[in-house]
*Asks:* 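Take this structure first; my questions come after.
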Amino acid sequence: MRRPTADRCTQIRPHPTRRRTAALALGLALTATLTGCTAGPRPPAAAGPTVSGSASASASAPTAAAADSRERLTVDGGTREYLVHRSAADGAGPRPLLIAFHGRGADAENLRKQSGLDRAAEARGMLVVYPEAVGKAWGAGTAPSAQRPDPDADVRFTEALVAELVRTGRADPHRVYVAGFSNGGSMALRVAAQRPDLVAGAASVSGELPTGAAAVKPTGPVPVLIVYGAEDPVRPLAGLPSPGPAGPGEEPITATMSARASAEAFAAAGGAGDPAEEGKPGYDSVTWRPGPAGATVRLLVMHGAGHTWPGSVVPPPAGFGPVSTALDASSTVLDFLSAGRR
């Protein structure tokens, strides 16, 4: 793989406090999005992506607090975009990196608002990067389709993105984490399953591993947290083994295994012991005792919750079910991931 180069001419702007009527817009975007999560075998390692990077942002220099930049990376001849968020108070030097994948039909800004990950990451000194999917959907499964003839492209993009952030001195290669919602959660699980040497932990909210023709099998020990609504009407807790047909021109909907089977697959790959189950106020917790590599796998099932991000203040689209208030998923995810190091 050719070493990436970056043309950095970024002006960083202060993190804005937006007062928009975003709830309706997000609802419409997520409604289009979360009709399916996809997620699959390791892409060939021989032909790595060719990458180059550039950065751009609007606005004036900040005096303090958080800052954002929207940047671009050329991978395999195509230009990809991503939103970078970090606290200006962090100073120079590599930081723990969280790559957060949005849901199908949504975008980086949608996930940012829905999750509140920025604030949780700032409190822990983490760099957060929200990549944009091509066509607003991630290739989280291995089966090619007319809309996605190269199902491994997003895995290569993720690898190239990590390499660029490490190369530019912003990310600590030993503390790289992936997370996501719905289709983005499945994408995070795919990266962890196929590239356990790349990430120190993964978390999925409302996303499961795919099965059938697009199946993904974990290949090594990785700490994994799966957070799921017990009453998810979009991607059921029990999985979606026989999804219906997609709309005209849309990517096929990928079949998924259950949330528990997804967790069990990672536990088995890490040589974990028997699970310990515990009831908590508002949710149930299942934790597999770490195997020799020390990779904890945990499943949290939120009572009465739907296809939503627990603790979010953004109303979900109609038909997606209620948001759990039993915990703040962003803090829970980052507390879990922060314990991991490669």
Side-chain angles (χ1 to χ4, degrees), residues 1 28-51 72-82 99 101-108 110-111 130-161 178 180-195 204 206-219 232-236 239-257 262 307 317 319-320:
M1 182 173 74
L28 293 173
L30 291 178
T31 300
T33 292
L34 303 174
T35 53
C37 304
T38 55
R42 180 177 180 115
T50 301
V51 302
R72 294 180 294 275
L73 186 67
T74 300
V75 183
D76 293 337
T79 300
R80 305 292 297 265
E81 292 193 358
Y82 52 97
I99 295 179
F101 300 102
H102 62 75
R104 178 170 170 166
D107 59 22
N110 291 147
L111 178 60
Y130 303 89
E132 301 281 9
V134 173
K136 294 194 172 184
W138 296 104
T142 56
S145 67
Q147 297 81 6
R148 193 179 298 275
D150 181 0
D152 301 326
D154 284 334
V155 176
R156 296 197 303 274
F157 168 49
T158 303
E159 291 181 295
L161 179 55
V178 288
F181 177 71
S182 190
N183 168 235
S186 293
M187 185 67 211
L189 294 181
R190 178 180 185 178
V191 172
Q194 296 182 208
R195 298 293 188 268
S204 172
S206 299
E208 301 159 319
L209 283 174
T211 189
V216 171
K217 183 177 180 180
T219 57
D232 190 327
V234 177
R235 282 284 171 180
L240 193 63
S242 301
E250 294 182 356
E251 283 192 68
I253 298 172
T254 304
T256 60
M257 62 180 68
S262 299
H307 196 72
F320 276 44

*Asks:* Between D232 and S206, is any pair of side-chain heavy atoms under 4.5 Å apart?
*Replies:* yes
*Asks:* Can you see which heavy atom on I253 is nearest to which on P245, and at what distance?
*Replies:*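 Heavy-atom minimum between the residues: CD1-O, 4.1 Å.
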*Asks:* Donor-acceptor pair, T256 side chain versus L209 backbone, under 3.5 Å?
*Replies:* no
*Asks:* What is the minimum heavy-atom distance between L189 and G207, and which atoms define it?
*Replies:*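 Result for this residue pair: CD1-O, 3.6 Å.
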*Asks:* So which heavy atom on P233 is nearest to which on G319, and how close?
*Replies:*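 The answer is CG-O, 3.2 Å.
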*Asks:* For the pair R235 and E208, find out whether any cationic side-chain nitrogen is under 4.0 Å from an anionic carboxylate oxygen.
*Replies:*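 Judged by the 4.0 Å cut-off on N to carboxylate O distance, R235 and E208 do not form a salt bridge.
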*Asks:* Are side-chain heavy atoms of S182 and V234 found at a separation under 4.5 Å?
*Replies:*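 They are not in side-chain contact.
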*Asks:* Does the side chain of N183 reach to within under 4.5 Å of the side chain of H102, using non-hydrogen atoms?
*Replies:* no
*Asks:* Just so I know, are the side chains of T142 and R190 near enough to count as touching, which here means a heavy-atom distance under 4.5 Å?
*Replies:*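 They are in contact (side-chain heavy atoms under 4.5 Å apart), so the answer is yes.
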*Asks:* According to the interplanar angle, ranging from 0 to 90°, do the rings of F320 and H307 count as parallel (below 30°), tilted (30 to 60°) or perpendicular (above 60°)?
*Replies:* perpendicular
*Asks:* When you compare the side chain of T79 with that of R72, does any pair of heavy atoms fall below 4.5 Å?
*Replies:* yes
*Asks:* For G139, does its backbone N or O pair with a side-chain atom of D154 as donor and acceptor, under 3.5 Å?
*Replies:*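 Flag set: sc D154 to bb G139 pair under 3.5 Å.
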*Asks:* Under the criterion salt bridge (charged side-chain N to carboxylate O under 4.0 Å, His left out), I'd like the reasoning laid out for R148 against E251: C-alpha separation, chi angles, the key distance, then a yes or no.
*Replies:* CA-CA 8 Å; R148 193 179 298 275; E251 283 192 68; 2.8 Å; yes
*Asks:* Search all heavy atoms of P210 against all heavy atoms of G141 and return the closest pair with its distance.
*Replies:* CG-CA, 4.4 Å
*Asks:* Can you list the steps and then say if I99 with Y82 is a side-chain contact (heavy atoms from CB on, under 4.5 Å)?
*Replies:* CA-CA 10 Å; I99 295 179; Y82 52 97; over 6 Å; no
*Asks:* Counting only N and O atoms by type, is there a donor-acceptor contact under 3.5 Å from the side chain of R80 to the main-chain atoms of L161?
*Replies:*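 Judged by distance alone, no pair lies under 3.5 Å.
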*Asks:* Between E132 and D107, is there a donor-acceptor pair closer than 3.5 Å when you use the side chain of the first and the backbone of the second?
*Replies:*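 No.
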